[in-house]
> 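First the structure, which I've put down as structure tokens, then a few questions once you've had a look.
Treat the numbers as computed from the prediction; the structure is a model and nothing was measured. These numbers come from the heavy atoms of this one structure, side chains and all, not from hydrogens, waters or symmetry mates. One is the number of the first residue; the rest follow in order along the sequence.
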Amino acid sequence: MFYGNGSKSKKSFMLFSVVMIFALVLSACGKSGSNEGTKVSIEDRYELDANTPAWKLDNKEETTKLTWYVNADWWNNDYGNDVVTKKIKEDLNIDIKFLTGDDTKLNTFFAGDDMPDLITVFDANSALVQKASTWAMPLNELAEQYDPYFLQVAAKDTMNWFQQEDGNTYGYSNYSNTQEDYESGTIAAKAAFIIRKDVYEALGQPSMGTPEEFQAVLLQIKTKFPALLPFGFNSIGTGTGSLGDVFQDFIGVPLSDENGQFYNRNLDSDYLTWLSTLNKVYRDGSISDDSFADDAVAFEEKIKSGKYATMLIEGTPNQGGNLQIFNSANPGKEYIAIDGPQSTVGNSPTLNQSGVTGWMINFITNSNIEPAKSIQLFTYLLSEEGQMLMNYGIEGETYQYTADGKVELLPEVKEIQVSNADKFKKEYRLGEFMFFGHDKHKVLSEDAFPESVKQLQEWGKGKLVPHFIIENLSPEQGTPEARSLSAINTQWNTTLVSLIRSKDVATFDTVLHQYEVFLSDNKWDAILKVYNEKMARNKEKLGL
């Protein structure tokens, strides 16, 4: 519905980039062969010790200089000038030159012979990641050769998850949450249904759990608070914002069917009941047309000004600063989490967090000039020492422990964090250099999250459910199934908006039927076969 010619051109370019990367990876395979990485001798430097990280043993005096490519233009490529990277440089005697870019730049590395030592990408389903055995070194073998302590700090489930057919693991991601992480209660929910406290109390703290209650309360808001938008949601753009899988998780739509097979959650009857309710809410005038067109910046501006009375919000830590701006300026009106929409069939919420796939996937390439130092760096960043450094800096210099064992930033550091974000980023860089970051270290400190999200996270306790079995199900890129799925996903994004904006029930039903026909006409059965095969593989990898 909102895809103009520019978007089509962008999508065509992205598809071309994917094809080019795939072709270049295959080309690189022919040039370099499989796993023919640089070998270095550590005979005169240190002896292996499974109980001691190798960076503490290595007596190499010469500074190691590594190039690290991050496939993101926005990445901060500074090194050695802030508390975090200065300490990394000091402890490991490593200089890092960061290179940044997009898929086009990534192509150039595989087209030529000048590969960086380390590469970080963001798409676990990409051809690049799937073919990592042809251009990257196995982390498990590097650990055996140079730093067995790596296997103590690396999560077994994450290593198994990224293991390829040859039995080796080439990439390791940050924010990779395992079953143990979910069960520990140390990771916080990042989605919530929130409402302005003044609105909530003015209406008598109403329930909004059933479709009827939800529609009625939004109508009350529209009448009593005409200056506010009754209901908001994350920017849709080319996706579904927070009205797709986030809403499905909120009402507990099953992840699989009764036989453990793939379940099309988009067509779940409970979810469709709520989409029909959103359509009624839209026809009531309680959802603004602007909400479907707003980009991320417009959405964030409305959060800062408290324009929404209620929101289904995804990524609360990312929006914490925007929420804090409104909350701080409007005491008594702050956003709070309430139960909000609930399943009409009695399902409990199944909120998602970062799965075992994580986010940034890090590799040591076959061209790496110092694999021993590189695996030491991975070990360091994964270890407790590295995690504390990345999150909080250096004890006594940037943080201290309280009497009850919590971590708190020193007053002068906290003051800079609050009053001068640019200086804090440049001089301290806490919470940013997170190649191997993990949320479980956030629970150590009250300073890990802004005040604006703490009650939201408290509400989410006990509602997180791993989505491991449906991670990375997409067909291999370049296959007919992958092309069909791309078309289906685009069609669903358009369909979702069209369903909510339908002028009447008959139009809603017609739009839904057209989507079901589209599935049938675009190899949905073949895609289902791939999904079920990959779900079985996921279960096997994690022993589920």
Side-chain angles (χ1 to χ4, degrees), residues 1-8 10-11 191-200 202-203 208 211 214-248 250 274-316 318-327 329-330 333-335 340-341 452 489-504 507-508 511:
M1 181 171 293
F2 300 108
Y3 307 108
N5 292 334
S7 294
K8 289 180 180 177
K10 185 177 180 181
K11 287 181 181 177
F193 181 81
I194 62 178
I195 185 170
R196 275 180 41 167
K197 188 176 180 181
D198 57 328
V199 173
Y200 187 52
L203 298 179
M208 300 182 70
F214 186 79
Q215 184 181 5
V217 171
L218 292 185
L219 270 176
Q220 289 178 14
I221 292 172
K222 185 173 182 289
T223 302
K224 295 185 177 182
F225 296 88
L228 300 181
L229 297 172
F231 178 59
F233 41 85
N234 289 68
S235 168
I236 286 183
T238 57
T240 57
S242 50
L243 298 181
D245 56 349
V246 176
F247 202 120
Q248 293 164 5
F250 212 82
W274 272 104
L275 288 187
S276 177
T277 302
L278 291 181
N279 173 235
K280 294 173 184 175
V281 166
Y282 171 77
R283 286 188 275 130
D284 285 343
S286 297
I287 296 178
S288 166
D289 275 319
D290 289 343
S291 294
F292 296 101
D294 283 347
D295 59 14
V297 174
F299 174 66
E300 290 175 1
E301 287 301 319
K302 287 175 178 175
I303 294 176
K304 291 177 186 177
S305 62
K307 188 68 174 176
Y308 299 111
T310 72
M311 280 183 279
L312 180 61
I313 187 169
E314 159 70 359
T316 49
N318 298 335
Q319 299 297 338
N322 300 319
L323 290 167
Q324 191 65 53
I325 288 172
F326 174 75
N327 291 1
N330 298 274
K333 297 181 180 181
E334 62 269 16
Y335 283 102
S452 60
N489 287 340
T490 299
Q491 183 67 23
W492 170 246
N493 295 344
T494 304
T495 297
L496 177 62
V497 174
S498 297
L499 287 171
I500 297 172
R501 299 179 71 188
S502 294
K503 64 180 180 179
D504 51 37
T507 304
F508 183 96
V511 171

> Spell out, as yes or no, whether a donor-acceptor pair under 3.5 Å connects the side chain of Thr310 to the backbone of Ile195.
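A pair under 3.5 Å: no.
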> Would you give the length of the straight line joining atom CG of Leu278 to atom OG of Ser286, rounded to the nearest 0.5 angstrom?
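The distance works out to 10.5 Å.
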> Checking ring-ring contact (aromatic ring centres under 6.0 Å, His included) between Tyr308 and each of Phe233, Phe193, Phe299, Phe225, which is the one that passes?
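Among the candidates, only Phe299 passes.
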> Under 3.5 Å, is there a donor on one side chain and an acceptor on the other for Asp504 and Thr507?
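Present: a donor and an acceptor within the cut-off.
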> OH of Tyr282 to CG of Leu499: how many Å apart, nearest 0.5 Å?
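These two atoms lie 13.0 Å from each other.
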> What are the two closest non-hydrogen atoms of Leu228 and Gly306, and how far apart are they?
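Taking every non-hydrogen atom into account, CD2-O, 3.6 Å.
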> Between atom CZ of Arg196 and atom CD1 of Ile221, what is the distance when rounded to the nearest 0.5 Å?
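If I round to the nearest 0.5 Å, the distance is 10.0 Å.
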> What pair of heavy atoms forms the shortest contact from Pro230 to Ala309, and how long is it?
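Minimum heavy-atom contact is O-CB, 3.7 Å.
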> Could you tell me whether a side-chain N or O of Thr240 sits under 3.5 Å from a main-chain N or O of Asn493, the two making a donor and an acceptor?
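No, Thr240 side chain to Asn493 backbone: no donor-acceptor pair under 3.5 Å.
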> Should Met208 and Leu218 count as side-chain neighbours, where that means a heavy-atom distance under 4.5 Å?
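Yes, side chains in contact.
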> Compare every heavy atom of Ala227 with every heavy atom of Lys307, then report the nearest pair and how far apart it is.
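Reported closest heavy-atom pair: NZ-O, 2.9 Å.
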> Do the side chains of Phe247 and Leu275 get nearer than 4.5 Å, heavy atoms only?
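Not in contact.
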> Calculate, to the nearest 0.5 Å, the distance between atoms CZ and CD1 belonging to Arg283 and Ile500 respectively.
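Nearest 0.5 Å value for the CZ-CD1 distance: 12.5 Å.
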> Would you say the side-chain atoms of Asn234 pair up with the backbone N or O of Ser242, donor to acceptor, closer than 3.5 Å?
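Flag not set: sc Asn234 to bb Ser242 has no pair under 3.5 Å.
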> Looking at Lys222 and Asp284, is there a salt bridge between them, counting it only when a charged N and a carboxylate O are closer than 4.0 Å?
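Lys222 and Asp284: not salt-bridged.
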> Looking at side-chain heavy atoms only, is the closest gap between Ile194 and Thr316 below 4.5 Å?
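In short, these two side chains do not touch, never coming nearer than 4.5 Å.
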> Determine the interplanar angle of the Phe214 and Trp274 rings, folded into 0 to 90°, and report it as parallel if under 30°, tilted if 30 to 60°, perpendicular if over 60°.
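Taking Trp274 first and then Phe214, their aromatic rings stand perpendicular (interplane angle over 60°).
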> Ser235 and Ala296: which non-hydrogen atoms are nearest, and at how many Å?
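Minimum heavy-atom contact is OG-N, 3.4 Å.
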> Considering non-hydrogen atoms only, spot the tightest contact between Asp295 and Ala298 and give its length.
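Taking every non-hydrogen atom into account, OD1-N, 2.8 Å.
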> Side-chain contact, heavy-atom cut-off 4.5 Å: Phe292 with Ile287?
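Yes, side chains in contact.
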> Can you tell me how far CG of Asn330 sits from NZ of Lys197, rounded to the nearest 0.5 angstrom?
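Interatomic distance, Lys197 NZ to Asn330 CG, rounded to 0.5 Å: 13.0 Å.
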> So which atom in Asp294 and which in Lys302 form the shortest heavy-atom distance, rounded to 0.1 Å?
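Minimum heavy-atom separation between Asp294 and Lys302: OD2-NZ, 2.6 Å.
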> Donor-acceptor pair, distance only, cut-off 3.5 Å: does the side chain of Tyr335 make one with the backbone of Ile303?
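No; judged by distance alone, with no hydrogens or angles, the pair does not exist.
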> Say you draw a straight line from CZ of Phe231 to OG of Ser291; how long is it, rounded to the nearest 0.5 Å?
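Answer for the CZ-OG pair, Phe231 versus Ser291, is 9.0 Å.
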